[in-house]
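This chain uses plain numbering: 1 for the first residue, then up along the sequence.
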Amino acid sequence: QVQLVESGGGLVQPGGSLRLSCAGSGFTLDSYAIGWFRQAPGKEREAVSCISTSDGSTKYVDSVKGRFTISGGKNMVYLQMNNLEPEDTGVYYCAAYEGYDCYLRRYEYDDWGQGTQVTVSS
């Protein structure tokens, strides 16, 4: 069974940076997609970014392009977040599913971590 554990959240001022980590275990196949999602209070969980462990290809939601960078492989995936904005506040989750390509569609993902809180505020 795939297990995912997020870390690295915290409180940061607008314009600051954080790096989130997602430690994965229990993978039995070679090809997975690992994604980062976030959920702000009162809002639905939304996709942020994903990476394919097969070829390293990545995708980003428009609101974070140029500010966030996803990297890593099955056992550890990072989300480097720069120039953070108050709108980036929320609980950040990593998730995974078996597959070659990664997609920013929540329903694709089978396994989820517990989340880590990110708060951007002055």
Asker: Partners of Thr119 by side-chain hydrogen bond (donor to acceptor under 3.5 Å, both in side chains), sequence neighbours excluded?
Answerer: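 For Thr119 the side-chain hydrogen bond (donor to acceptor under 3.5 Å, both in side chains) partners, ignoring immediate neighbours, are Gln117.
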Asker: What distance do Gln3 atom CD and Gln1 atom CD have between them, rounded to the nearest 0.5 Å?
Answerer: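 Between Gln3 CD and Gln1 CD, I get 6.0 Å after rounding to 0.5 Å.
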Asker: Measure from the side-chain N and O atoms of Ser52 to the backbone N and O of Tyr100, and report whether any donor-acceptor pair falls under 3.5 Å.
Answerer: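 Between the backbone of Tyr100 and the side chain of Ser52 there is a qualifying donor-acceptor contact (under 3.5 Å).
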Asker: Out of curiosity, Ser57 OG to Asp101 CG, how far, rounded to the nearest 0.5 Å?
Answerer: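 With rounding to 0.5 Å, OG (Ser57) is 6.0 Å from CG (Asp101).
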Asker: Linking Ile, Leu, Val, Met, Phe, Trp and Tyr by side-chain heavy atoms under 4.5 Å, what else ends up with Trp112?
Answerer: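 Members alongside Trp112: Phe37, Val91, Tyr93, Tyr97, Tyr103, Tyr109.
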Asker: Might you point out which heavy atoms bring Gly9 and Thr116 nearest each other, and give the distance in Å?
Answerer: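 Heavy-atom minimum between the residues: N-OG1, 3.2 Å.
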Asker: Test of understanding: with side-chain hydrogen bond (donor to acceptor under 3.5 Å, both in side chains), list the residues that count as partners of Ser31, not counting sequence neighbours.
Answerer: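 Ser31 satisfies side-chain hydrogen bond (donor to acceptor under 3.5 Å, both in side chains) with Ser54 once adjacent residues are dropped.
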Asker: Would you please name every residue forming a salt bridge (charged side-chain N to carboxylate O under 4.0 Å, His left out) with Lys65, sequence neighbours left out?
Answerer: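 If we apply the salt bridge (charged side-chain N to carboxylate O under 4.0 Å, His left out) test to Lys65, skipping adjacent residues, the hits are Asp62.
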Asker: With side chains defined as the heavy atoms from C-beta onward, is the minimum distance between Tyr60 and Leu104 less than 4.5 Å?
Answerer: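 No, side chains not in contact.
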Asker: Any side-chain hydrogen bond (donor to acceptor under 3.5 Å, both in side chains) pairs touching residues 77-90, not counting sequence neighbours?
Answerer: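 Pairs touching residues 77-90 that pass the test: Ser17-Asn82, Arg38-Asp88, Arg67-Asp88, Gln80-Asn82.
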Asker: Working note: Tyr32 + Val77, criterion side chain to side chain contact (heavy atoms under 4.5 Å, CB included); need CA distance, chi angles, decisive distance, verdict.
Answerer: CA-CA 12 Å; Tyr32 287 86; Val77 171; over 6 Å; no
Asker: Please identify each residue that fulfils side-chain hydrogen bond (donor to acceptor under 3.5 Å, both in side chains) with Arg19, with sequence neighbours left out.
Answerer: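 With neighbours one apart ignored, the set is empty.
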Asker: Mind checking what makes side-chain hydrogen bond (donor to acceptor under 3.5 Å, both in side chains) contact with Gln39, not counting sequence neighbours?
Answerer: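 Gln39: side-chain hydrogen bond (donor to acceptor under 3.5 Å, both in side chains) contacts with Arg45.
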Asker: Apply side chain to side chain contact (heavy atoms under 4.5 Å, CB included) to the pair Leu79 and Thr69, showing each step before the final yes or no.
Answerer: CA-CA 6 Å; Leu79 185 68; Thr69 303; over 6 Å; no
Asker: Listing request: all disulfide (SG to SG under 2.5 Å) pairs with a residue in residues 55-122, at least two apart in sequence or in separate chains.
Answerer: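 Qualifying pairs: Cys22-Cys94, Cys50-Cys102.
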Asker: When rounded to the nearest 0.5 angstrom, what is the spacing between CD1 in Ile34 and NZ in Lys74?
Answerer: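 If we round to the nearest 0.5 Å, Ile34:CD1 and Lys74:NZ are 9.0 Å apart.
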Asker: Taking only residues two or more places apart in sequence or in another chain, which ones pass side chain to side chain contact (heavy atoms under 4.5 Å, CB included) with Val61?
Answerer: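 Val61 satisfies side chain to side chain contact (heavy atoms under 4.5 Å, CB included) with Ser63, Val64 only.
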Asker: Within this structure, what is the OG-CE distance for the pair Ser25 and Met76, rounded to the nearest 0.5 Å?
Answerer: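 Rounded to the nearest 0.5 Å, the OG-CE separation comes out at 10.5 Å.
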Asker: Do Phe27 and Glu98 come close enough that some side-chain heavy atom pair is under 4.5 Å?
Answerer: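 No - every pair of side-chain heavy atoms lies 4.5 Å or more apart.
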Asker: Below 4.5 Å, heavy atoms only, C-beta onward: do Ile51 and Thr53 meet side chain to side chain?
Answerer: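 No, too far: nothing below the 4.5 Å cut-off.
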